[in-house]
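Report on the structure given below.
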There are 2 protein chains.
Amino acid sequence: MFSKSCEYAIKAMIFVAQKSNADTRVGIKEISKGTDAPEHFMAKIMQDLSRRKLIHSVKGPNGGFYMDASDLKNSIADIVKAIDGDVIYSDCVLGLKVCSEKNPCPVHFEYKEIKKSLIKMIENNTIADFNEKLDTGMYFLKNK
Amino acid sequence: MFSKSCEYAIKAMIFVAQKSNADTRVGIKEISKGTDAPEHFMAKIMQDLSRRKLIHSVKGPNGGFYMDASDLKNSIADIVKAIDGDVIYSDCVLGLKVCSEKNPCPVHFEYKEIKKSLIKMIENNTIADFNEKLDTGMYFLKNK
DNA sequence: TACTCACATGATTTAGAAAACATGATTTAT
DNA sequence: ATAAATCATGTTTTCTAAATCATGTGAGTA
Ligand code: FES
Ligand code: FES
């Protein structure tokens with residue numbers, strides 16, 4: 001569904017949202033531990049997210065990553081688009097070069113509806129939403 | 001969503017269903033051309049499908065692949081399970097090692113519904129169904 | 001029987017994603 | 001100013017899916 005990078009990115013964003021505020025930054029080590037992701041790989045992903053302005057970063061001692069109010073308004077879809085591009089939006093499930101109504105694969109119209117709800121899901125859920133959810137302690141970013 | 005192998009497998013099954021009957025077998029070359037798949041790779045996949053009894057094969061001159069009435073009753077889900085296993089059924093969208101209600105990731109419950117309709121789609125559509133669809137000439141297994 | 005056609009099987013190679021490494025740049029604290 | 005912390009950047013390695021190659025096996029035909 002999503003690339004490994006994208007999975008990590010989503011988890012990292014939710015993790016940082018949870019742990020950070022204006023004064024408290026979160027470092028790569030903590031992020032990778034909290035999300036069960038390889039540290040160096042996660043570092044790379046965080047740089048991407050930062051370059052694409054989905055998250056803020058501060059260098060030096062006591063530096064790290066954090067999110068401000070506007071960062072929290074980003075949806076999962078924004079992260080997915082930043083990391084995986086628009087494959088979710090444009091790819092054919094059966095691997096045709098282009099997915100279109102003019103040259104539809106046999107499952108195109110059935111899949112269309114599913115794709116619609118998938119997109120709705122990632123577009124309607126903001127980081128802030130997950131923030132609240134996680135506060136309940138009923139959701140996890142890694143296995144216990 | 002599906003592995004490349006699985007995409008090819010689905011297309012091949014639909015293609016053979018279309019082109020074959022008791023007397024007319026379809027060869028690897030024709031299948032790979034008709035589905036835009038690499039010949040040798042497709043050969044491998046066809047062997048898998050044949051070993052798993054999803055399709056029939058005949059060696060020698062005028063040999064090839066064909067499907068009988070009971071083969072046509074297989075669903076897309078049967079193909080997916082044969083090639084990709086149960087990843088669609090059991091994997092977590094955010095990559096947690098196990099997807100469960102006890103240790104759900106933040107999107108688990110939202111995704112659950114989508115997964116349900118996805119599974120419904122692949123389980124409710126048999127090869128025979130697609131056969132009829134393709135007859136209308138409105139569906140394609142490769143780009144024009 | 002001998003020859004050829006077409007699928008079967010296993011080994012090998014390729015390509016791209018995932019992960020790790022090495023080095024550079026910026027900030028804070030002393 | 002110096003040193004340590006931490007993110008940034010580019011390169012290299014590893015791993016696996018994808019694709020290819022080489023060879024084997026059974027069936028048909030003359
Ligand atoms: S053409 Fe296959 S999903 Fe649209
Ligand atoms: S735990 Fe992530 S989808 Fe179920």
Side-chain angles (χ1 to χ4, degrees), chain A residues 1-13 15-16 19-20 23-33 35-67 80 83-85 87 91 94-95, chain B residues 1-13 15-16 19-20 23-33 35-67 80 82-85 87 91 94-95 97:
Chain A
M1 172 80 66
F2 304 128
S3 69
K4 217 73 192 156
S5 300
C6 193
E7 290 177 5
Y8 291 149
I10 296 169
K11 292 201 274 189
M13 289 284 281
F15 184 81
V16 174
K19 296 271 180 178
S20 81
D23 309 310
T24 320
R25 289 73 173 265
V26 194
I28 288 284
K29 281 209 186 79
E30 199 179 345
I31 297 174
S32 63
K33 266 180 197 147
T35 56
D36 238 348
E39 191 179 321
H40 294 291
F41 193 25
M42 183 55 101
K44 205 102 227 171
I45 295 164
M46 295 311 291
Q47 288 157 28
D48 268 11
L49 293 173
S50 155
R51 220 176 308 129
R52 288 165 188 283
K53 314 286 184 198
L54 291 170
I55 202 168
H56 285 78
S57 72
V58 175
K59 287 184 183 178
N62 298 314
F65 299 86
Y66 71 95
M67 300 178 87
V80 173
I83 304 292
D84 280 353
V87 287
D91 268 21
L94 291 193
Chain B
M1 172 80 65
F2 304 127
S3 70
K4 217 73 192 155
S5 300
C6 193
E7 288 177 6
Y8 290 149
I10 295 169
K11 292 201 274 188
M13 288 284 282
F15 184 81
V16 174
K19 297 271 180 177
S20 82
D23 310 310
T24 320
R25 289 74 173 264
V26 194
I28 288 284
K29 280 209 186 79
E30 200 180 344
I31 297 174
S32 62
K33 266 180 197 148
T35 56
D36 239 347
E39 191 180 320
H40 293 289
F41 193 24
M42 183 55 100
K44 203 105 226 173
I45 294 164
M46 295 312 291
Q47 289 156 27
D48 267 11
L49 293 172
S50 154
R51 221 176 308 129
R52 287 166 189 282
K53 314 288 185 197
L54 291 170
I55 202 169
H56 285 77
S57 71
V58 176
K59 289 184 183 177
N62 298 313
F65 298 87
Y66 70 96
M67 299 179 86
V80 174
I83 304 292
D84 280 352
V87 287
D91 268 22
L94 291 193
K97 290 198 187 63

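Chain naming here is simple, since letters A, B, ... match the order of the sequence lines and numbering starts at 1 in each. Only this structure's heavy atoms are used, side chains among them; waters, hydrogens and symmetry mates stay out.
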OP1, OP2 of D:dA8 versus side-chain N and O of A:S50: anything below 4.0 Å?
yes
By nearest-nucleotide position on DNA chain C, the 5'-leaning member of B:V26 and A:F41 is B:V26
Legend entry - Atom CG of B:N62: over 12 foreign heavy atoms under 6.0 Å: no
*Counting distance only, does the side-chain N/O of A:S20 pair as donor-acceptor with the main-chain N or O of A:V16 below 3.5 Å?*
yes
Here the distance between atom C1' of D:dA8 and atom CZ of A:F65, to the nearest Å, is 9 Å
Assign each of A:M46 and A:P61 the nucleotide of DNA chain D bearing its closest heavy atom; nearer the 5' end lies the nucleotide of A:P61
- Message: Quick test of your reading of the model: are B:E7 and B:K4 salt-bridged, counting only N-O distances below 4.0 Å?
- Response: yes
From the list A:I45, A:I31, A:T35, side-chain contact (heavy atoms from CB on, under 4.5 Å) with A:Y8 holds only for A:I45
May I ask you to verify if any side-chain N or O of B:R51 is less than 4.0 angstrom from the OP1 or OP2 atom of C:dT9? yes
Using a 4.0 Å heavy-atom cut-off, does B:K4 contact any base of the nucleic acid, only the sugar-phosphate backbone, or nothing at all?
sugar-phosphate
Checklist line | Under-4.0 Å side-chain N/O to phosphate OP1/OP2 contact, A:Y8 with C:dA19 | finding: yes
| said: Between A:S57 and D:dT6, is there a contact of a side-chain N or O with OP1 or OP2 at under 4.0 Å? | reply: no
> For the base of C:dG24, is there a side-chain donor-acceptor partner from A:K59 under 3.5 Å away?
Replying inline: no
